[in-house]
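Both counts, for ligands and for their atoms, begin at 1 and track the order of listing.
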Amino acid sequence: TRPGGRRLRQPIVVVLGHVDHGKTTLLDKIRRTAVAAKEAGGITQHIGASIVPAEVIEKVAEPLKKVIPVKLVIPGLLFIDTPGHELFSNLRRRGGSVADFAILVVDIMEGFKPQTYEALELLKERRVPFLIAANKIDRIPGWKPHPDAPFIETIRKQDPKVREILEQRVYEIVGKMYEAGLPAELFTRIKDFRKKIAIVPVSARTGEGIPELLAVLAGLTQTYLRDRLRYAEGPAKGVVLEVKEMQGFGTVVDAVIYEGVLKKEDIIVVGGREGPIVTRVRALLMPAPLQDIRSREARFVQVDRVYAAAGVRIAAPGLDDVIAGSPIYAAENEEQARRLMEAVQREIEELRFRTENIGVVVKADTLGTLEALVEALRRRGVPVRLADIGPVSRSDVLDAAVTRKIDPYLGVVLAFNVKVLPEAEEEAARAGVRIFRESVIYKLIEDYEEWVKSEKE
Ligand code: GTP
Ligand code: NA
Ligand code: MG
């Protein structure tokens, strides 16, 4: 429901990081912390997201009042629940991301790993501000846990040896960030948060440091992102995260609404494989409050409207062809719908393109992953001849074969999370065209680069 009288919406926060560094555990901990503070409001579950309201953040951060005074003007924080690079890629929005802020989770004992770098690259590319959660501090040898305590309190109670290890580990992260061209520092030592990226030591297991994590997130977003967060009354703007089948509703889309209000019966415009789709919202679905779940069918409740920021499932006729990562806009009338169709068409054409030039062929499963791949290739100076959604077809391979005659290193197909049709397979074998396939973006590019290197030797 509309946060009464608030002028700002909830910042949308995503969690990124290397596999097993603790993204899911951290979000679970934040959720449980919020549930435990439920006399102050608890949390609101959304589709693929949850809101931690301002009252909860204030309560959790209460012990820090003297150090980090948080007077909240945002109504809370919307955390996107299903983290992962592919999902992050789909949170796209022209020229950036729907995510207002990110938490880059780094296992303090392991430090930076390949997906940490990939996350950094994505955050830079989409210009998403972030902080680093240096996770698993409880694994520092000799650590004495103080469950749910602020970091500044628990660190004071640790042995000097433990404090020294923590300092060393933080110093190492600072070093890696410096190499990446991003100055970072332990949050307690930062004077100007616009100049340095905050490192907040936490334990997703014991909850230590969570008070600061929430306080810093809330403080930074409401201080520096105020314009972006200004609440707009108009029709909804959002992005499609996933396209699904749902019993009784057919094809539905899970979307994040970052502006305005979406109502049942609204006209919506969304990107499809064969062009923009215009339809009317039949139902807006949200997860049922926990106590109401008696059966599987009762897992969702219908609502009449949702206000940004929100994660919502949208049921409407004709959604079968929708592409994940595509914009979704509500229109006030047919005339506006026509204009929005053109805008959606233009935006998608910029991402799915064919040029006359020599370059690689890129096929991906969603608009978000396609964009991320093309951006990553551009950064590395690899030209792209064709970028599109869908399986690798024979014509894609023929395209690569033409290029191959002119530049053998560029006459390839890069396939991300898509099938290769049998005719394409046959044609590739005949023409000697390499098809690289992967379901991790950086791996796909790495495989291709390694192949180029070995071919050139
Ligand atoms: P993927 O989604 O697979 O990329 O992993 P993830 O980043 O979500 O990590 P996940 O939360 O699944 O945690 C991986 C393992 O680390 C699990 O066994 C967690 O229990 C453990 N873990 C996460 N955070 C902490 C922490 O703060 N301390 C300790 N000791 N273990 C942790
Ligand atoms: Na894991
Ligand atoms: Mg996980």
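The only option from Arg205, Lys29, Arg32, Lys59 that meets the salt bridge (Lys or Arg N to Asp or Glu O under 4.0 Å) definition with Asp148 turns out to be Lys29.
At a heavy-atom cutoff of 4.0 Å, ligand 1 is contacted by the side chain of Asp138 but not by its backbone. Contacts between Val19 and ligand 1 below 4.0 angstrom, taking non-hydrogen atoms only, involve backbone and side chain alike. Of all the heavy atoms of Arg205, the ones lying under 4.0 Å from any atom of ligand 1 are found in both the backbone and the side chain.
Between Leu26 and ligand 1, not a single N/O pair is under 3.5 Å apart. At least one N or O atom of Ala204, backbone or side chain, sits closer than 3.5 Å to an N or O atom of ligand 1.
For ligand 1, the atoms sitting less than 4.0 Å from at least one non-hydrogen atom of Thr25 are 10 (P), 11 (O), 13 (O), 19 (C), 23 (C), 24 (N), numbered in the order shown with element in parentheses. The distance from ligand 1 to the heavy atoms of His21 drops below 4.0 Å at these ligand atoms: 7 (O), 9 (O). Every atom of ligand 1 is numbered from 1 in the order shown, and the set under 4.0 Å from a heavy atom of His18 is 7 (O). When each atom of ligand 1 is checked for a heavy atom of Asn135 under 4.0 Å away, the hits are 24 (N), 25 (C), 27 (O).
Taking a 6.0 Å sphere around CZ of Arg230, one finds it holds more than 12 heavy atoms contributed by other residues, nucleotides or ligands. Within 6.0 Å of CZ on Arg189 lie more than 12 heavy atoms contributed by other residues, nucleotides or ligands.
In summary, Lys124 and Glu375 do not engage in a salt bridge, as defined by a charged side-chain N under 4.0 Å from a carboxylate O. In summary, Arg94 and Glu350 engage in a salt bridge, as defined by a charged side-chain N under 4.0 Å from a carboxylate O. The pair Asp447-Arg437 fails the salt-bridge criterion, with no side-chain N (NZ, NE, NH1 or NH2) lying under 4.0 Å from an Asp/Glu carboxylate O.
Residue Thr25: no N/O/S atom is found under 2.8 Å from the Mg ion (ligand 3).
By the side-chain hydrogen bond (donor to acceptor under 3.5 Å, both in side chains) test, Asn90 pairs with Thr366, sequence neighbours left out.
Taking the six-membered ring where tryptophan is involved, the planes of Phe112 and Tyr117 are perpendicular, since the angle between them exceeds 60° and thus also 30°.
Across Leu16, Thr24, Leu27, heavy-atom proximity to atom 8 (O) of ligand 1 is greatest for Thr24.
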